[in-house]
Amino acid sequence: MNGLLVPVLMILFAPLIGGLVYGFERIIKARMQRRIGPPLLQPFYDFLKLADKRKMIVHSTHAFLGIMHFVSLWFALAVLLLGGDLILVIFLHLLSTSLLILAGYSTRSIFSHLGANRTAISILAYEPVLILIAVSVFMLTGSFEVASIFSYSEPLLYKMPLAFIALLLILPIKLKKSPFDVAEAHQEITGGVELEFSGIFFEAIYTAKWLDYVFCYTLVYLFGANNPLLGIGLVIFVFLYLNALDNSSARVNYKQMLRFSLIVALPIAFINLLLTILHLS
Amino acid sequence: MKLSSFRKKSPWILHYNAGGCNGCDIEILACLAPKYDIERFGMINTGNPKQSDILLVTGPVTKRSRERLVEIYAQMPEPKVVVSCGVCACTGGVFRGMYNCEGGIDQYIPVDVYVCGCGTRPEQIIDGVIQALAILEKKTKELEQSVRLKKEPVKEDTQLNRRNIAGEIIKTA
Ligand code: SF4
């Protein structure tokens, strides 16, 4: 029972945790640029303000798809935290992103279409790597269950450091950080798919972003799974790495992003898989 | 704690240049830079009318940009406030009376705060936005109307007529 309490609490409060991470990230980013930065609770102020705006929608399907994106992402996170199937988690996450893409295509705004195109391309960039990592975990532990990582004798990081490097390379794509933030690109296509959402419906997209943080940092934590100190250390390291990278690099275009992930990150994940198999046999 | 009290904690800004000389735009962007850092008040420059609360307009409204101005204004969900930055957004400034613009943005959309200065200073812009926040807190979610149809457009003889001046200069030369 005790083992279940922490994941359930984390699932229930996932938006809160994600919001705090986002608020903290904004402060860290501001400090890196020698600014003071917004208060820690700023994301929640934004949230409450957006609830108070007049409701405007493009059409009802668009708003519905936006909300379903949030719900299915939360569901994927719940499966991950409860120790479910890793492949299932990855595909549920894919489902939530594709709902967002559908929402992007369902309007007539050109920026929304561009954002949807680019989101689809970024899926193409990070999804194969994630699946290869999941397959290597299967080879190592003999099961796709997340719970089996926790019951494995050693942390994953020592067993497959290359997979961790591959994850580091695709996390900026997944979290839409520069240099791989083509899908969002605020200065270029003003947010892409989230452009047409407003007021309370934008809130679903905004909060889904916080859930994404929790999702990705949980993936990182899995690499130090049965050593909580190592896991937390990894999460902090990745947090600092992502923000430093975000602050110090300029956006590449989508072709470069795709090329980078398919030529650099994917082979690394693949070599990791081969090494894991060789090591076991 | 009412929801409306959070409006002033996270005002998102939309910035539109309706044909100015870019002087005021640079000052607005300077507000976002480390020296003035308006993000510490929670302000973000969103660039997306559907999610923003404050419309910062610079420049006299040229005849090319006025449809866009009204459209952007209409796309912002209420409650919203408009701040006109720079003297040419307030009255037309140095461009008043030219063939391609009428004086000021309040010919087309309701303006809540006027910030003067040709090249407004960042301090003035921040001050204007803070005043706008006080107005924003009192606003409701009701639709607001453009005042364009209720107002007479600026008459030619209330302004300096540059063509006549130019003609006189040519005559004397
Ligand atoms: S007020 Fe002056 S500086 Fe500002 S846009 Fe107009 S002409 Fe340029």
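Predicted model, so just to flag it, every value in this text is computed and none were measured. Chain identifiers are assigned alphabetically (A, B, ...) following the order of the sequence lines, protein sequences preceding nucleic acid strands; residue numbering begins at 1 within each chain.
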- Item | A:Arg35, A:Lys29, A:Arg31 screened by salt bridge (Lys or Arg N to Asp or Glu O under 4.0 Å) with B:Asp37, the one that passes |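 So, applying the salt bridge (Lys or Arg N to Asp or Glu O under 4.0 Å) to B:Asp37 and each of A:Arg35, A:Lys29, A:Arg31, only A:Arg35 qualifies.
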Part of [X] within contact of chain A (heavy atom distance under 4.5 Å):
{"X": "B:Asp53", "value": "both"}
{"X": "B:Leu136", "value": "neither"}
{"X": "B:Ile44", "value": "side chain"}

Kindly give the heavy-atom pair with the smallest separation between [X] and [Y], and that separation in Å.
{"X": "A:Lys49", "Y": "B:Gln51", "answer": "NZ-O, 4.3 Å"}
{"X": "A:Leu195", "Y": "B:Asn48", "answer": "O-ND2, 3.0 Å"}
{"X": "A:Ile36", "Y": "B:Arg40", "answer": "CD1-CD, 4.0 Å"}

Check whether more than 12 heavy atoms from other residues, nucleotides or ligands sit under 6.0 Å from atom [atom1] of [X], and answer yes or no.
{"X": "A:Phe44", "atom1": "CZ", "answer": "yes"}
{"X": "B:Phe41", "atom1": "CZ", "answer": "yes"}
{"X": "A:Tyr241", "atom1": "OH", "answer": "yes"}
{"X": "A:Phe75", "atom1": "CZ", "answer": "no"}
{"X": "A:Tyr105", "atom1": "OH", "answer": "yes"}

- Engaged part of A:Phe202 at the chain B interface, taking heavy atoms whose separation is under 4.5 Å: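 It is the side chain, since no backbone atom gets that close.
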- Under 4.5 Å from any heavy atom of chain B - which part of A:Tyr206: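 Interface part for A:Tyr206: side chain.
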Measure the spacing between [atom1] of [X] and [atom2] of [Y] and express it to the nearest 0.5 Å.
{"X": "B:Lys50", "Y": "A:Ile57", "atom1": "NZ", "atom2": "CD1", "value": "10.5 Å"}
{"X": "A:Asp52", "Y": "B:Ser10", "atom1": "CG", "atom2": "OG", "value": "10.5 Å"}
{"X": "B:Gln75", "Y": "A:Ser198", "atom1": "CD", "atom2": "OG", "value": "9.5 Å"}

- Would you mind checking if A:Lys53 and B:Glu78 are paired as a salt bridge, meaning a charged N to carboxylate O distance below 4.0 Å?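 A salt bridge is absent here (no side-chain N lies under 4.0 Å from a carboxylate O).
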- Message: Please check: side-chain N/O of B:Lys9 versus main-chain N/O of A:Leu48, any donor-acceptor pairing under 3.5 Å?
- Response: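 It does not hold such a pair.
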- Query: Does B:Glu39 use its side chain to pair, donor to acceptor, with the backbone of A:Ala30 at less than 3.5 Å?
  - Reply: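 No, because the side chain of B:Glu39 does not come within donor-acceptor range (under 3.5 Å) of the backbone of A:Ala30.
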